[in-house]
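Heavy atoms only: backbone and side chains are in, while hydrogens, waters and symmetry mates are out. In this text the structure is predicted, and so the values were computed from the model without any measurement.
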Amino acid sequence: MRRAACPGSFDPITNGHLDIIVRASRLFDEVVVAVSINKSKVNLFTVDERMDLIREAVGAHPAAPTNVIVESSHGLLVDFCRVHGIQSIVKGLRAVSDFDYELQMAQMNNSLAGVETLFMSTNPQYAFLSSSLVKEVARYGGDVSGLVPDVVLKGLRDRSGL
Ligand code: ADP
């Protein structure tokens, strides 16, 4: 089975992430969204909330792919890949600024465990999107509808009391 990982913090999932996950689901038998547990990072949503938001967002997408599963991950991504029988990592590239770091990570993961990283160009509609920017805009009452799935919009409104 050809299985790919889509890793990230997803705090919270945006339409940019969702677009990459759905497109990857058409290329692989199974896509495992690996939600990182990073204790040193302050997150708005808990790992369980982030995982539920991803599941709901994928289910509500017009394509509603059934070959996407969501898992939490900690430690090295290559260890996660080994445990889950994953041969490839799919990452979205927004801009040249993403590239240096992503290339370094991809080369490291390949040298550690032979895992391949495939880069998918971001849908230009979502090229400026990041979870942190969405949170910042939402915190100050800005309209992020159209940038995040509806479940996330609701989650952000509940958090910021909007
Ligand atoms: P991290 O916190 O590990 O940087 P994120 O959750 O912000 O991770 O993003 C995870 C991955 O999702 C990124 O490495 C990138 O590949 C992809 N990504 C993030 N934002 C977008 C976007 N707007 N369009 C496409 N891909 C994106």
S.K.: Just wondering, do Val58 and Val22 contact through their side chains at under 4.5 Å, heavy atoms?
M.R.: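 Sidechains of Val58 and Val22: no contact.
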S.K.: Rounded at 0.5 Å granularity, tell me how far CG in Leu18 sits from CD1 in Ile13.
M.R.: 5.0 Å
S.K.: Residues two or more places apart in sequence or in another chain: which of them pass side chain to side chain donor-acceptor pair (under 3.5 Å) with Ser131?
M.R.: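 By the side chain to side chain donor-acceptor pair (under 3.5 Å) rule, Ser131 matches no residue at all.
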S.K.: Mind checking whether Ser130 and Arg94 have side chains closer than 4.5 Å, heavy atoms only?
M.R.: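 In contact.
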S.K.: Under a single-linkage rule joining Ile, Leu, Val, Met, Phe, Trp and Tyr whose side-chain heavy atoms are separated by less than 4.5 Å, which residues share a cluster with Val83?
M.R.: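 Once heavy-atom contacts under 4.5 Å are chained together, Val83 still belongs with nothing else.
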S.K.: Test of understanding: with side chain to side chain donor-acceptor pair (under 3.5 Å), list the residues that count as partners of Asp19, not counting sequence neighbours.
M.R.: Arg23
S.K.: Other than Tyr101, which residues form its hydrophobic cluster under the rule that side-chain heavy atoms must be closer than 4.5 Å?
M.R.: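 Grouped by the 4.5 Å side-chain rule, Met105 form the rest of the cluster around Tyr101.
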S.K.: Given the rule that I, L, V, M, F, W and Y join up when any side-chain heavy atoms are under 4.5 Å apart, are Tyr126 and Val90 in one cluster?
M.R.: yes
S.K.: Name all residues meeting the side chain to side chain donor-acceptor pair (under 3.5 Å) criterion together with Asn38; count only those two or more places apart in sequence or in a different chain, and write none if there are none.
M.R.: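 Residues passing side chain to side chain donor-acceptor pair (under 3.5 Å) with Asn38: Ser40.
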S.K.: Looking at every heavy atom in both Gly92 and Asp98, which two are closest together, and how far apart are they?
M.R.: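 Smallest interatomic distance, heavy atoms only, reads O-OD2, 4.3 Å.
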S.K.: Minimum heavy-atom separation for Gly16 to Leu129, with atom names?
M.R.: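 Between these two residues, the closest heavy atoms are N-CD1, 3.8 Å.
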S.K.: Measuring from Ser25:OG to Glu30:CD, what's the distance to the nearest 0.5 Å?
M.R.: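 It is 11.0 Å, given to the nearest 0.5 Å.
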S.K.: Would Met120 end up clustered with Val115 when hydrophobic side chains under 4.5 Å apart are linked, directly or stepwise?
M.R.: no
S.K.: Could you pull out all residues at least two apart from Asn110 that satisfy side chain to side chain donor-acceptor pair (under 3.5 Å)?
M.R.: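 With neighbours one apart ignored, the set is empty.
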S.K.: Applying a strict under-4.5 Å side-chain criterion to I, L, V, M, F, W and Y, I'd like to know whether Ile21 and Val32 cluster together.
M.R.: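 No, it is not one cluster - the side chains of Ile21 and Val32 are not joined through contacts under 4.5 Å.
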S.K.: When clusters are formed by joining ILVMFWY residues with side-chain heavy atoms under 4.5 Å apart, either directly or through shared neighbours, do Ile89 and Ile37 land in the same one?
M.R.: no
S.K.: Would you say the side-chain atoms of Asp11 pair up with the backbone N or O of Leu44, donor to acceptor, closer than 3.5 Å?
M.R.: yes
S.K.: If you look at every heavy atom in Arg50 and Ser36, which pair is closest and at what distance?
M.R.: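 It is NH1-O, 3.1 Å.
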S.K.: Side-chain heavy atoms under 4.5 angstrom apart, residues restricted to Ile, Leu, Val, Met, Phe, Trp, Tyr: same cluster for Val144 and Leu53?
M.R.: yes
S.K.: Can you name the salt bridge (charged side-chain N to carboxylate O under 4.0 Å, His left out) partners of Arg2, sequence neighbours left out?
M.R.: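 Partners of Arg2 under the salt bridge (charged side-chain N to carboxylate O under 4.0 Å, His left out) test: none.
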S.K.: Does Asp48 have any side-chain contact (heavy atoms from CB on, under 4.5 Å) partners at least two apart in sequence or in another chain, and if so, which?
M.R.: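 Applying side-chain contact (heavy atoms from CB on, under 4.5 Å) to Asp48 gives Thr46, Met51.
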S.K.: Which atom pairs, donor and acceptor, lie under 3.5 Å between side-chain atoms of residues 145-156 and protein residues at least two apart or in another chain?
M.R.:
unit_1: Ser145; atom_1: OG; unit_2: Asp143; atom_2: OD1; d: 2.6
unit_1: Ser145; atom_1: OG; unit_2: Asp143; atom_2: OD2; d: 3.3
unit_1: Lys154; atom_1: NZ; unit_2: Asp158; atom_2: OD2; d: 3.2

S.K.: Find the distance between CZ (Phe128) and OG1 (Thr122) and round it off to the nearest 0.5 Å.
M.R.: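 That separation rounds to 11.5 Å.
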S.K.: Looking at every non-hydrogen atom in both residues, tell me the closest pair between Arg159 and Glu49 and how far apart they are.
M.R.: NH2-OE2, 2.7 Å
S.K.: Got a sec, which hydrophobics cluster with Leu93, joining ILVMFWY side chains under 4.5 Å apart, including via others?
M.R.: Phe99, Leu103, Phe119
S.K.: Using every non-hydrogen atom in the two residues, find where Ser88 and Ile86 come nearest and quote the distance to one decimal.
M.R.: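 Taking every non-hydrogen atom into account, O-CG2, 3.2 Å.
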S.K.: Tell me, do Pro12 and Lys135 make a side-chain contact under 4.5 Å, heavy atoms counted?
M.R.: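 In short, these two side chains touch, coming nearer than 4.5 Å.
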S.K.: Could you list all the salt bridge (charged side-chain N to carboxylate O under 4.0 Å, His left out) pairs where at least one residue sits in residues 54-78, not counting sequence neighbours?
M.R.: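 Of all non-adjacent pairs touching residues 54-78, those that pass salt bridge (charged side-chain N to carboxylate O under 4.0 Å, His left out) are Asp52-Arg55.
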S.K.: According to ring pair (Phe, Tyr, Trp, His ring centres under 6.0 Å), does anything in residues 14-43 pair up with another residue at least two apart or in another chain? List the pairs.
M.R.: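 For residues 14-43: Phe10-His17.
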S.K.: Of the non-hydrogen atoms in Met1 and Gln87, which two are nearest, and what is the gap between them?
M.R.: O-NE2, 3.3 Å
